Structure formats: C-alpha cells, structure tokens
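To start, the structure under review is shown below, and the notes come after it.
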Amino acid sequence: MNRLKVSDTIAAVALGAALLFTNLPKASADQRSRCQHKVEKAQEHYQHERHEHGKHSPQAEEAKAKLNETWDRCWNEAHGWYDPQRHEWRTDRDWDRNYDWDRDHDRDDR
C-alpha cells in the first residue's frame, strides 16, 4: 500500500510539471506580443520626434533613450528584442549595434 502512494505521488508531480510547462510558451508569447507593441509605439514616437525636431534634438534623444529602455525591459522579460525595421525577433542582445538609427535619414536631416 505504501508503494502505491509513492507511485501516485510521482504521477501527480509529473502531471503537475507537464501542465506547468505547457502553459509557459503561452506566457512567453503574451510577453513577446506586449513587448512588440511597446517597441513599435516607442519607435513611432522616436521617428515622430526625430522628424519634428531633428535627429540630435533633446526630444529625439529622449525618445531614443525610451526605445532603448523598452528593448532592455523586453530583453529581461521575453529574452529577446523586437526589431521593428526588420519585423523580427532577435536573440542576441545587440540592438545598440544592429538597429539602423539613420534609416529615415532622407526625411529629417536637420
């Protein structure tokens, strides 16, 4: 009878672990979706400020810093960063080297 209880306990633990791990991808997908939305909004704000006030204006620099903070927060939460220019998730923490800050240079070289 003691042996039966041990096997029941092991089965219950295994079932609980299986249920826990099947829910993890959904949480990660939700985090990525929220992060993607926040990054897209922050990038739109940066582009707007850059267009309205110039590339090196205090407003554009503040919006750029907010975009960097958003990427950093997403990196910590979702273990990746969304590149809104390429429309893809990246797994290397390299937005400071691989994001093209000058992509809209023809519209706002002030």
Side-chain angles (χ1 to χ4, degrees):
M1 186 159 169
N2 200 14
R3 188 162 174 70
L4 182 60
K5 288 181 184 179
V6 171
S7 65
D8 287 345
T9 303
I10 291 172
V13 169
L15 179 62
L19 291 174
L20 175 69
F21 289 117
T22 57
N23 285 332
L24 288 179
K26 184 178 186 303
S28 179
D30 289 344
Q31 285 175 331
R32 283 190 168 210
S33 178
R34 279 192 302 275
C35 281
Q36 181 175 340
H37 178 72
K38 288 178 183 179
V39 165
E40 288 171 343
K41 284 186 71 169
Q43 187 213 24
E44 287 173 17
H45 180 67
Y46 168 69
Q47 287 176 339
H48 172 77
E49 294 298 330
R50 186 174 166 197
H51 180 73
E52 289 294 315
H53 303 286
K55 180 179 179 178
H56 299 291
S57 68
Q59 295 90 339
E61 291 297 324
E62 184 176 324
K64 182 178 180 178
K66 177 138 179 132
L67 181 55
N68 273 305
E69 288 171 15
T70 304
W71 276 323
D72 193 50
R73 193 168 33 255
C74 285
W75 179 263
N76 291 328
E77 293 173 4
H79 309 292
W81 68 280
Y82 182 72
D83 186 340
Q85 293 172 339
R86 295 182 183 173
H87 305 286
E88 68 182 11
W89 278 89
R90 313 264 318 235
T91 56
D92 292 329
R93 193 180 188 282
D94 59 355
W95 59 84
D96 55 336
R97 293 184 306 275
N98 289 316
Y99 183 77
D100 185 5
W101 294 103
D102 296 323
R103 187 170 185 182
D104 297 331
H105 68 280
D106 56 323
R107 294 190 340 199
D108 52 16
D109 280 339
R110 292 185 195 183

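These numbers were taken from a predicted model, which means no experiment stands behind them.
The distance from the NE2 atom of His48 to the NE2 atom of His45 is 7.5 Å, given to the nearest 0.5 Å. Rounding to the nearest 0.5 Å gives a distance of 10.5 Å between NZ of Lys41 and OG1 of Thr70.
Residues passing the side chain to side chain donor-acceptor pair (under 3.5 Å) test with Trp81 are Asp94, sequence neighbours excluded. Residues passing the salt bridge (charged side-chain N to carboxylate O under 4.0 Å, His left out) test with Arg86 are Asp83, Glu88, sequence neighbours excluded. Gln36 is linked by a side chain to side chain donor-acceptor pair (under 3.5 Å) to Glu40, Tyr82, counting only residues two or more places apart in sequence or in another chain.
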Result block: side-chain N/O donor-acceptor pairs under 3.5 angstrom for residues 72-80, not counting sequence neighbours:
{"from": "Asp72", "atom 1": "OD1", "to": "Arg93", "atom 2": "NH2", "distance (Å)": "2.4"}
{"from": "Asn76", "atom 1": "ND2", "to": "Asp72", "atom 2": "O", "distance (Å)": "3.3"}

Review item, side-chain donor-acceptor pairs of residues 58-69, under 3.5 Å, at least two apart:
{"from": "Asn68", "atom 1": "OD1", "to": "Trp95", "atom 2": "NE1", "distance (Å)": "3.2"}
{"from": "Asn68", "atom 1": "ND2", "to": "Lys64", "atom 2": "O", "distance (Å)": "3.3"}

